[in-house]
Protein chains: 2
Amino acid sequence: MGRFARISHADLRAAAARVAARQGLARTTIAAIAKEAGVPTGSIYHRVPSRAALLAEIWLEAADRYGTAFLARLSGASSLDEVAQAALVTPFLAREDPAAGVILFVHRRDDFLDDAPAESRARAARLVAALRDGIAAAARRLAPADKRARERFALALIGIPYGAVRTFLPQAVPPLELDPAILAAARAALAAR
Amino acid sequence: MGRFARISHADLRAAAARVAARQGLARTTIAAIAKEAGVPTGSIYHRVPSRAALLAEIWLEAADRYGTAFLARLSGASSLDEVAQAALVTPFLAREDPAAGVILFVHRRDDFLDDAPAESRARAARLVAALRDGIAAAARRLAPADKRARERFALALIGIPYGAVRTFLPQAVPPLELDPAILAAARAALAAR
DNA sequence: TATATTCTAAAATACAGATTCTAATAATAC
DNA sequence: GTATTATTAGAATCTGTATTTTAGAATATA
């Protein structure tokens with residue numbers, strides 16, 4: 001069946017993710033990715049149709065991991081206190097997989113997707129919509145009759161931990177001691193009038 | 001003394017800021033800026049030594065405005081409740097000057113500064129340090145003997161409003177109804193143990 | 001062993017966008 | 001008016017980087 005590949009598709013994505021996390025998107029050139037992966041530039045195009053498609057893939061991979069964990073936490077929550085716990089998925093991911101954390105919480109989604117093939121953009125849109133829907137469902141479930149609950153839930157579960165984690169991320173990992181403050185802030189935002 | 005200039009240096013910065021806010025840094029090309037400002041590309045280099053220097057300038061202009069307002073609020077604060085008010089400088093700026101808001105709260109500082117001349121980078125570093133120092137001073141003043149106060153103050157006054165505002169910014173402006181939730185979250189973060 | 005296939009390897013090409021250059025133009029000073 | 005100078009205007013370069021191409025190497029199957 002032909003010669004063995006030196007690196008797998010997953011290896012390539014991981015290499016690209018490392019470069020993007022370390023150096024930013026503008027410096028994530030095909031040459032830099034190739035160097036990180038230890039293959040010549042040409043080989044990359046046997047795995048991936050274009051740089052834009054590869055960037056989209058690494059964003060999708062990170063976002064999928066995050067979305068799955070986040071929604072799992074949220075869908076089981078039956079009180080505001082349990083809902084607030086979902087805010088900790090963000091610092092948790094940032095610690096467990098810093099490269100994914102940087103991709104999701106330091107860089108801009110659109111910088112990964114603007115030039116991506118339509119199918120990748122559609123997948124990303126579905127992913128974002130699923131998050132939105134999960135939050136909206138939780139808001140309806142736990143704060144019915146509250147018109148602005150959806151907005152407050154989004155602030156508590158996305159905005160606050162996002163802003164908290166971002167201060168640390170490119171250089172360091174968010175310290176564990178941060179979590180109680182995130183939790184307190186998320187609870188307050190959930191309860192705010 | 002020679003022919004009148006069609007646009008001033010400030011006009012040029014404003015045009016670049018609008019393009020950057022609307023389209024992102026990667027699309028903020030010299031051609032796009034020139035078109036926005038209504039001048040040919042060559043004219044830009046009579047105002048500014050390079051694209052990188054211009055990008056740095058628009059970041060510095062926005063950051064300076066923000067830093068001044070933020071530190072003014074913070075330095076006068078004599079209670080935790082008054083400190084928390086400084087968190088609202090972020091949504092306020094985002095509403096008053098959305099282009100500056102997008103530059104500061106949507107894009108990454110480093111994307112404006114990475115290739116900038118050393119002097120611009122130094123100015124940016126001083127600006128960031130001044131913010132940091134102001135927050136540290138407030139933490140010392142209002143929560144002495146608390147070892148992690150500085151971190152919590154930063155979360156409350158920068159991280160939380162940053163994350164809150166960012167959800168809305170590129171397309172819309174953060175709604176006024178958001179402010180009470182930001183304030184509540186900031187107070188909670190300040191008080192967290 | 002022959003052949004098709006899948007990859008490596010690196011050079012060649014294409015292209016976008018920053019920067020520089022050359023003329024032309026409009027204002028001021030004398 | 002004439003010389004001088006700041007500026008416009010846009011074409012001409014230059015550069016960096018994505019992509020394509022060509023040749024060669026390794027492996028599976030028949």
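As a basis for the values below, the full set of heavy atoms in this structure was taken, side chains included, without hydrogen atoms, waters or symmetry mates. Letters A, B, ... are given to chains in the order of the sequence lines, protein chains preceding strands, and every chain is numbered from 1.
- DNA chain C is contacted by no residue of residues 13-34 of chain A, taking any non-hydrogen atom closer than 4.0 Å.
- At a non-hydrogen distance threshold of 4.0 Å, A:Gly42, A:Ser43, A:His46, A:Arg47 from residues 42-49 of chain A come into contact with DNA chain C.
- Proximity note for A:Pro40 (side chain, C-beta onward) versus C:dT8, C:dT19, D:dG10: the nearest is C:dT8.
- Protein atom CG of A:Leu54 is 10 Å distant from nucleotide atom P of D:dT19, rounded to whole Å.
- With a 4.5 Å cut-off on side-chain heavy atoms, B:Arg13 and B:Val48 do not count as touching.
- B:Lys35 has its NZ atom 14 Å from the P atom of D:dG10, to the nearest Å.
- Ionic pairing of B:Asp115 and A:Arg27 is present here: one or more N-O contacts between side-chain nitrogen and carboxylate oxygen are shorter than 4.0 angstrom.
- Judged by distance alone, the side chains of B:Thr90 and B:Tyr66 do bring a donor and an acceptor atom under 3.5 Å apart.
- Side chain of A:Arg51, nearest nucleotide from D:dT19, D:dG10, C:dA9: D:dT19.
- No salt bridge links A:Asp64 with A:Arg123; every basic N to acidic carboxylate O contact stays at or beyond 4.0 Å.
- Atom CG in B:Leu55 sits roughly 13 Å away from atom C1' in C:dG17 (whole-Å rounding).
- One interatomic measurement links the two molecules: CG of A:Asp115 to P of D:dT17, which rounds to 16 Å at whole-angstrom precision.
- Not counting sequence neighbours, A:His46 has no partner by the side-chain contact (heavy atoms from CB on, under 4.5 Å) test.
- More than 12 non-hydrogen atoms from other residues, nucleotides or ligands lie less than 6.0 angstrom from CZ of B:Phe168.
- At a threshold of 4.5 Å between non-hydrogen side-chain atoms, the residues B:Arg95 and B:Asp179 count as touching.
- A heavy-atom distance below 4.5 Å is not found between the side chains of A:Leu104 and A:Arg109.
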